[in-house]
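All values derive from a computational prediction rather than experimental measurement. Proteins come first, then strands; the chains are lettered A, B, ... in the order of their sequence lines, and each starts at number 1.
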Protein chains: 2
Amino acid sequence: MRPTTQEYDPRAFPPFAVTVDLAIFTVRASRLHVLLVQRGEEPYRGGWALPGGFVRPEESAGLAARRELSEETGLSHRTVQGLHLEQLRTYSEPDRDPRMRVVSVAYTALLPDLPEPRGGGDAALARWTPREAAAPLAFDHDRILADAHDRVSSKLEYTCLATGFCPAEFTLGELQQVYETVWGVELDRPNFRRKVLATPGFVEAVEGPPRRTGGRGKPAALYRAGAAATLHPPLLRPEGRQP
Amino acid sequence: MRPTTQEYDPRAFPPFAVTVDLAIFTVRASRLHVLLVQRGEEPYRGGWALPGGFVRPEESAGLAARRELSEETGLSHRTVQGLHLEQLRTYSEPDRDPRMRVVSVAYTALLPDLPEPRGGGDAALARWTPREAAAPLAFDHDRILADAHDRVSSKLEYTCLATGFCPAEFTLGELQQVYETVWGVELDRPNFRRKVLATPGFVEAVEGPPRRTGGRGKPAALYRAGAAATLHPPLLRPEGRQP
DNA sequence: TTCTTAATAGTCACTCTGACTATAAATAGA
DNA sequence: TCTATTTATAGTCAGAGTGACTATTAAGAA
């Protein structure tokens, strides 16, 4: 806020609309997927876009993001409440929406693999889409999605975020899958294991018999997310940080 | 944007105002300072706040941030154009401004030590203030400032941002000062030197005689910022990441 | 000169990591 | 049942990076 001068009166201009856009990721079948909705209106009618919506007068952007997430995915209010929703950044180019001046606060979140989003209720036609197949999107959503992917990739390096992609109990192989899928690289299994187990609070062992896999091979031990939020030392990507 | 439903019409409600707030840091006399302006209007009249202002209809938030920075500091348009301005996050609590619904996009930037901001022109009374002395601030600016300090601290670990605090040519001692001042810790000089020189593209040596210091001791060699933008491996804070 | 100060050079042990090899525990199929 | 195959887990080893040091160099001050 400019404190002393009054060169500019915001009420003299057409107002801004404020929206949230959501980049919601999940890992299914070893591929990174993102939640998209099909637009029913112009512009970009019939095209795909990130879910989102208007911030209402009485709510913060973060609250609006949670509300929209719950509406789009059919997740319970309670589940969404406990989720880690991360504010990505705000997109404010004047021409990003041809209809009016829309400033959008983007959020990103990670979900474990879920059933297809419910199409009913007030949710638009929504679908999990492989990340590489998610283009072109409406508005500047390609850019938002790319930024979200970057952010998630780098957050995996120094936070425990990856467990957010996993169910409550998971194997180290599944956790490694998350890293490999998001980063798009292969990791050495023994080294990954050593690193994860050496990081205090990242995962904790679950007592009891291993899960029935149905597959071949020795069944893996189960773990659940630990108490730590950040990893140190970090678990860096093979090629170092991205440019 | 909600694509298919029309349960909510943003035009039916009082509009949002969109502003930018700036957390501009510098290092002077081995202390971290932040640029503050004194408010001339209610609310918080006479109190200190981060500089900032309204985003105009035809400009993006990033452009508004540059414009405000130039107005507040008196820096030339050209200088501000080349600066690294980083978007921090967006603050959107409904009650953050008692007058109306204001959503603010916060930016942060690092400057080398500069003369006191010009008080003339349309700039408010502005002053460099030691970071610890910058509280309480108007609105939610204490929170924004804390977030900005966190962000800058952690960016120093894996980017070349620190050179932004330094003049065009600087000594490794001055660069180390930046790290020590922002992080609030002391670093081992030979180790810091080794680390910086081992990171390709962080700094490059300047040919020619060392700067006249006037002080005692062996004069230090001069360096300038290198071409790299990120550091790897990172230069981590002694106590690891902050919680 | 000699003392003090600050920059720079070098040492050493310890940790972490990437690239491996080896072993264990399950299933599928002969 | 036996064997091959698959996957999890254990362990090894050399090289890079780091923290905590000590030593040397180059300047001004006493």
Side-chain angles (χ1 to χ4, degrees), chain A residues 30 156-158 166 169-180 183 185-200 202-224 230-241, chain B residues 30 156-158 166 169-180 183 185-224 228 230-241:
Chain A
S30 300
L156 289 194
E157 290 188 314
Y158 55 92
C166 297
E169 299 191 344
F170 53 86
T171 68
L172 293 187
E174 289 166 345
L175 187 63
Q176 184 176 345
Q177 271 285 334
V178 169
Y179 277 89
E180 292 181 334
W183 287 348
V185 297
E186 295 216 326
L187 302 175
D188 179 83
R189 195 186 286 268
N191 288 344
F192 180 82
R193 174 188 190 76
R194 174 182 45 174
K195 193 76 176 76
V196 169
L197 295 180
T199 303
F202 192 4
V203 299
E204 55 186 44
V206 172
E207 301 302 324
R211 187 200 293 161
R212 297 246 46 87
T213 67
R216 285 166 296 189
K218 179 176 175 177
L222 289 175
Y223 296 83
R224 69 170 71 89
T230 60
L231 260 38
H232 49 158
L235 209 163
L236 296 170
R237 271 168 281 187
E239 298 307 303
R241 317 204 124 258
Chain B
S30 300
L156 288 194
E157 289 188 314
Y158 55 90
C166 297
E169 299 192 342
F170 52 87
T171 69
L172 294 187
E174 288 166 346
L175 187 63
Q176 184 176 344
Q177 272 285 333
V178 169
Y179 276 89
E180 293 182 330
W183 286 349
V185 298
E186 295 216 327
L187 302 174
D188 180 83
R189 194 186 287 267
N191 289 344
F192 180 82
R193 174 189 189 74
R194 175 182 41 174
K195 192 77 174 80
V196 170
L197 294 181
T199 303
F202 192 5
V203 298
E204 55 186 43
V206 172
E207 301 302 325
R211 188 199 293 160
R212 298 246 48 86
T213 67
R216 284 167 296 187
K218 179 175 175 176
L222 289 176
Y223 295 84
R224 70 170 70 89
T230 61
L231 261 38
H232 51 153
L235 208 163
L236 297 170
R237 272 168 282 187
E239 299 306 302
R241 317 204 125 260

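A:Leu172 has its side chain within reach of A:Val196: a pair of non-hydrogen atoms, C-beta onward, lies under 4.5 Å apart. Counting only heavy atoms from C-beta outward, the side chains of B:Phe170 and B:Val178 never approach each other to under 4.5 Å.
Of the residues in residues 188-198 of chain A, those lying under 4.0 Å from DNA chain C by heavy-atom distance are A:Asp188, A:Pro190, A:Asn191, A:Arg194, A:Lys195. In the region residues 170-179 of chain B, proximity to DNA chain C at under 4.0 angstrom, judged on heavy atoms, holds for none of the residues.
Of all non-hydrogen atoms in B:Pro200 and B:Ala228, the two that sit nearest each other are O-CB, 3.7 Å.
Each of C:dT17, D:dA27, D:dT6 was ranked by its minimum atom distance to the side chain of A:Arg216; first place goes to D:dT6. Considering only side-chain atoms of B:Ala221, the nucleotide from C:dT8, D:dT6, C:dC16 that sits closest is C:dT8.
What separates CD of B:Glu186 from C1' of C:dA6 is a distance of 14 Å, to the nearest Å. Remark: P of D:dA16 and NE2 of B:His232 are 16 Å apart, rounded to the nearest angstrom. Put simply, CG on A:Leu236 is 13 Å from C1' on D:dA16, counting in whole angstrom units. Between the NZ atom of A:Lys218 and the C1' atom of C:dT27 there is a distance of 14 Å, given to the nearest Å.
B:Gln176 places a side-chain N or O within 3.5 Å of a backbone atom of B:Leu187 that can act as its donor or acceptor partner.
Listed by chain and number, the residues in a ring-ring contact (aromatic ring centres under 6.0 Å, His included) with A:Phe192 are A:Tyr179 (sequence neighbours excluded).
The CG atom of B:Leu236 lies 12.0 Å from the CG atom of B:Leu156; values are rounded to the nearest 0.5 Å. B:Cys166 SG to B:Leu175 CG: the interatomic distance, rounded to the nearest 0.5 Å, is 5.0 Å.
For residues 187-205 of chain B, every residue pair satisfying the salt bridge (Lys or Arg N to Asp or Glu O under 4.0 Å) rule, not counting sequence neighbours, is listed here: B:Glu204-B:Arg224.
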